[in-house]
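Values below: every heavy atom of this structure, side chains too, minus hydrogens, waters and symmetry copies. Model, not experiment: these values are computed from the prediction.
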Amino acid sequence: MATIGAAPTASSPGARDALITGDAVMLDLRAASFAVRMLSAVIDGVLQLILLVGGSIGVAWAAARGDLDDGFIAAAILSMSILAYVGYPVLCELLLRGRSVGRLAMGTRVVRDDGGPVHVRQSMIRAVMAMFEIWSTSGAVALTCAVIDRKSRRIGDLLAGTMVIQERMRDLTPQRVEVPLSLRDWVVGADVGRLPLALMQDIRSFLPRATTINAESRRQLSRDLLRRTLPHVAPAPPPGTDPEEFLAAVIAERSRRDEVRLRRGQERQRELSAEVRSVPFTV
């Protein structure tokens, strides 16, 4: 495994997808994979077919009982098709805040590109495009686009400016990272307070699963995180330091300092609250 030399290497920030709101706030949301979206679409598709077939049978029964003309029957069947293919997804997304029955089952939700809720116009665009890319082509066009796009979006999502996020994820037990013994003296006087939020999230994601990653991939990931972290840390760690130990020391010390700062802020707030309640209002 590579070690850290005496001179810091140049940084190469990695690309990271994020949702940015209109107030310039980065939302930590995860896009749903195309496999999850496909299972959700299958569930909704079955319900839409049941709605269409059931409605068509009802129209045929009413036509047989009421001796309706062919024009009325055609209009009724067209209305049932629109209700199944367009009305169902649009109403579900509006009433269930971007969800449908399939998305409720898979724990996903449709949102705008800035993380906000979808509107009627966007739901209509997605539903109309679904008739082409899902129903007319048996899902081939939607699947191809979702595999190519980094956020697993289909054409309807690209035109409407929406994406499907994964709301419900497996709850992982948090693991506390400890400072390695060899770096405890160094990290006490190191400046680790300038780490970008995205970089901290990448390090916290890498360290717990480092032992399960392929050796070559693990080495490349640790080197990449090392190059991105060194410009934000001063002074540089001792020569020969293992990259993973360096990352663990940096993130552990940053977390400890954040906890201390938060605890002091909470204590100060409690002291101020106590002083306000105990101020003697005497004449």
Under-4.0 Å salt bridge between Arg112 and Asp114: yes
Heavy-atom closest pair, residues Arg194 and Ala234: NH2-CB, 4.1 Å
Least distance between heavy atoms, Arg126 atom then Ala160 atom: CG-CB, 3.9 Å
Smallest separation among heavy atoms of Ile134 and Arg154, with atom names: CD1-NE, 4.2 Å
Any donor-acceptor pair under 3.5 Å from Trp135 side chain to Tyr85 backbone: no
Test item: Thr108 side-chain N/O and Ile165 main-chain N/O as donor-acceptor pair under 3.5 Å: no
Thr241 side-chain N/O to Pro237 backbone N/O, donor-acceptor pair under 3.5 Å: no
Cationic N near anionic O, under 4.0 Å, Arg256 to Glu259: no
Shared hydrophobic cluster for Leu230 and Leu221 (ILVMFWY, side-chain gaps under 4.5 Å): yes
CA sep, side-chain torsions, deciding dist, call: Arg218, Thr211, side chain to side chain donor-acceptor pair (under 3.5 Å): CA-CA 8 Å; Arg218 178 179 179 179; Thr211 56; 5.9 Å; no
Linked, directly or transitively: Leu83 and Ile77 (ILVMFWY side chains, under 4.5 Å): yes
N/O donor-acceptor pair under 3.5 Å between Gln220 side chain and Ser217 backbone: no
Heavy atoms of other groups near Phe34 CZ, more than 12 under 6.0 Å: no
Asp191 side chain vs Val233 backbone, donor-acceptor pair below 3.5 Å: no
Main-chain N/O of Leu226 paired with Thr229 side-chain donor or acceptor, under 3.5 Å: no
Salt bridge Arg257-Glu253, side-chain N to carboxylate O under 4.0 Å: yes
Cationic N near anionic O, under 4.0 Å, Arg228 to Asp202: yes
Leu52 with Phe132, same ILVMFWY side-chain cluster at under 4.5 Å: no
Value rounded to 0.5 Å, distance of CE in Met106 from CE in Met38: 9.5 Å
Same apolar cluster: Leu39 and Val101, side chain cutoff 4.5 Å: no
Whether over 12 other heavy atoms sit under 6.0 Å from Met200 CE: yes
Side-chain ion pair, Arg219 and Glu216, N-O less than 4.0 Å: yes
Atom pair CZ (Arg153) and CD1 (Ile148), whose distance is rounded to the nearest 0.5 Å: 12.5 Å
Passing option when Glu167 is tested against Arg97, Arg109, Arg103 for salt bridge (charged side-chain N to carboxylate O under 4.0 Å, His left out): Arg109
Nearest non-hydrogen partners of Asp44 and Ser100, listed with the distance: OD2-OG, 2.6 Å
Electrostatic pair Asp113-Lys151, nearest N-O below 4.0 angstrom: no
Atom CG of Asp185: over 12 foreign heavy atoms under 6.0 Å: no
Ser40 side chain to Val36 backbone, donor-acceptor under 3.5 Å: no
Pair Glu93, Ser123: side-chain N/O donor-acceptor within cut-off below 3.5 Å: yes
Common cluster, Val42/Leu47, ILVMFWY with side-chain heavy-atom separation under 4.5 Å: no
Side-chain donor or acceptor of Glu133 paired with backbone N/O of Gly156 under 3.5 Å: yes
Main-chain N/O of Gln201 paired to Ser205 side chain as donor or acceptor, under 3.5 Å: no
Considering all heavy atoms, the nearest Val187-Ala249 contact: CG2-O, 3.6 Å
